[in-house]
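Here's the structure, in structure tokens; my notes come after.
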Amino acid sequence: ANVQRMAALASDLADISRIESGQLQLEMQAVSLPEAIGEVVRSTRLQIKRKGQTLLLQVPNDLPKVRADPMRLVQVITNLASNAHKFTPKGGRIVIRAERATNQWDPRGPAEVVHIAVEDNGVGIKVEEMDKLFQKFSRVGERNTQKIPGTGLGLNIAKNLVEMQGGCIWCESEYGQGSTFHFTLPVAEEKGAKG
């Protein structure tokens, strides 16, 4: 477990370093969101099952492709799903949903987006902690949640990756009731040309 934590920290620090120095290169292409989410489900299913949690998918098969880096898209969704798992008690529920939408969240962004949400019924986040949620090395929560493994870098990396791919990310939470992390990505052009 310690080796895994150190490897995760090293990977996160490397990502932060590349992002901040402008050296992180994205391989943008037309990506199937159901396929990306399927990959996340396969990699997180065992840990979710071990905790007796339920994972629900509300992802239409006819979603348009998004313009994204497939590896980095999976990284973002995995981070959000893993956080939902970690901060939700045994027997809890995690929902991953997606929909095509007119972009009402970012007036400077693309007109048409796919809106992705990862929802849980876990511990939630206090209102006064929401502002620092996406900051580097930020670990919100009380003493008992501070014991949950993590680098405090995942959400900062997720925010940077989403914004680098032309989307935006935000969170809604009610303390003691759960959290929903939302993000958007541009709908890919029909031809799906790499750019």
Closer than 3.5 angstrom, by distance alone: can the side chain of Lys51 be matched with the main-chain N or O of His85 as a donor-acceptor pair?
yes
Are Met164 and Val66 linked, directly or through intermediate hydrophobic residues, by side-chain heavy-atom contacts shorter than 4.5 Å (ILVMFWY only)?
yes
Quick check for you: to the nearest 0.5 Å, what is the distance between Thr44 atom OG1 and Ile37 atom CD1?
11.0 Å
Evaluate the ring planes of Trp105 and His115, with Trp represented by its six-membered ring, and classify them as parallel (under 30°), tilted (30 to 60°) or perpendicular (over 60°).
tilted
Distance-only, no hydrogens or angles: does the Thr184 side chain make a donor-acceptor pair with backbone N or O of Cys168 under 3.5 Å?
yes
Side chains of Gln53 and Asp120: does their closest heavy-atom pair fall under 4.5 Å?
no
Minimum heavy-atom separation for Leu155 to Phe134, with atom names?
O-CD2, 3.5 Å
Is the number of heavy atoms from other residues, nucleotides or ligands under 6.0 Å of Glu20 CD greater than 12?
yes
Taking it one step at a time, do Leu185 and Arg67 satisfy side chain to side chain contact (heavy atoms under 4.5 Å, CB included)?
CA-CA 7 Å; Leu185 287 174; Arg67 188 172 185 276; over 6 Å; no
Do the side chain of Asn121 and the main chain of Gly92 share a donor and acceptor less than 3.5 angstrom apart?
no
Does any non-hydrogen side-chain atom of Asn156 lie less than 4.5 Å from one of Gln135?
no
Nearest heavy atoms of Ala158 and Asn79, plus distance in Å
CB-OD1, 4.5 Å
Under a 4.5 Å cut-off applied to non-hydrogen side-chain atoms, are Ile169 and Leu161 in contact?
no
Got a salt bridge between Glu112 and Arg100, using NZ or NE/NH1/NH2 to carboxylate O under 4.0 Å?
yes
Where is the tightest heavy-atom contact between Pro60 and Pro34, given as atom of each residue plus distance?
O-CG, 3.8 Å
Under a 3.5 Å threshold, yes or no: a donor from one side chain and an acceptor from the other, between Gln75 and Asp15?
yes
Going by heavy atoms in the side chains, are Phe181 and Leu133 under 4.5 Å from each other?
yes
Thr180 versus Ala117, closest heavy-atom pair with distance:
CG2-CB, 3.9 Å
Please tell me whether Val113 and Leu73 are part of a single hydrophobic cluster in this structure, the criterion being side-chain heavy atoms less than 4.5 Å apart.
no
Is there a side-chain contact between Gln58 and Val95 in this structure, where contact means two heavy atoms from C-beta onward sitting under 4.5 Å apart?
yes
Is there a side-chain contact between His182 and Glu119, using heavy atoms and a 4.5 Å cut-off?
no
What distance do Leu33 atom CG and Ile116 atom CD1 have between them, rounded to the nearest 0.5 Å?
5.0 Å
Gap separating the CZ atom of Arg72 from the CD1 atom of Ile157, nearest 0.5 angstrom:
8.5 Å
For Glu189 and Lys65, run side chain to side chain contact (heavy atoms under 4.5 Å, CB included): C-alpha distance rounded to whole Å, both residues' side-chain angles, the deciding distance at 0.1 Å, then the answer.
CA-CA 8 Å; Glu189 294 179 12; Lys65 290 186 174 182; over 6 Å; no
Would you compute the distance between atom CG of Asn61 and atom CD of Glu35 and round it to the nearest 0.5 angstrom?
10.0 Å
Drop me the distance from Lys49's NZ to Arg45's CZ, to the nearest 0.5 angstrom.
9.0 Å
For the pair Val76 and Phe183, evaluate side chain to side chain contact (heavy atoms under 4.5 Å, CB included) and give the outcome as yes or no after the intermediate values.
CA-CA 9 Å; Val76 169; Phe183 71 99; 4.0 Å; yes
Would you name the heavy atoms of Glu27 and Asp69 that are closest together and state the gap between them?
N-OD2, 2.8 Å
In terms of hydrophobic clusters joined by side-chain contacts under 4.5 Å, are Trp170 and Ile125 together?
no
Shared hydrophobic cluster, Ile19 / Leu26 (ILVMFWY, side-chain heavy atoms < 4.5 Å)
yes
Distance from Ser173 atom OG to Met130 atom CE, nearest 0.5 Å?
5.5 Å
Heavy-atom closest pair (Pro64 atom, Val187 atom, distance to 0.1 Å) is CB-CG1, 3.8 Å
Going through the distances and angles, do Leu46 and Arg50 end up as a side chain to side chain contact (heavy atoms under 4.5 Å, CB included)?
CA-CA 6 Å; Leu46 189 57; Arg50 280 183 184 147; 3.4 Å; yes
Common cluster, Ile48/Leu57, ILVMFWY with side-chain heavy-atom separation under 4.5 Å:
yes
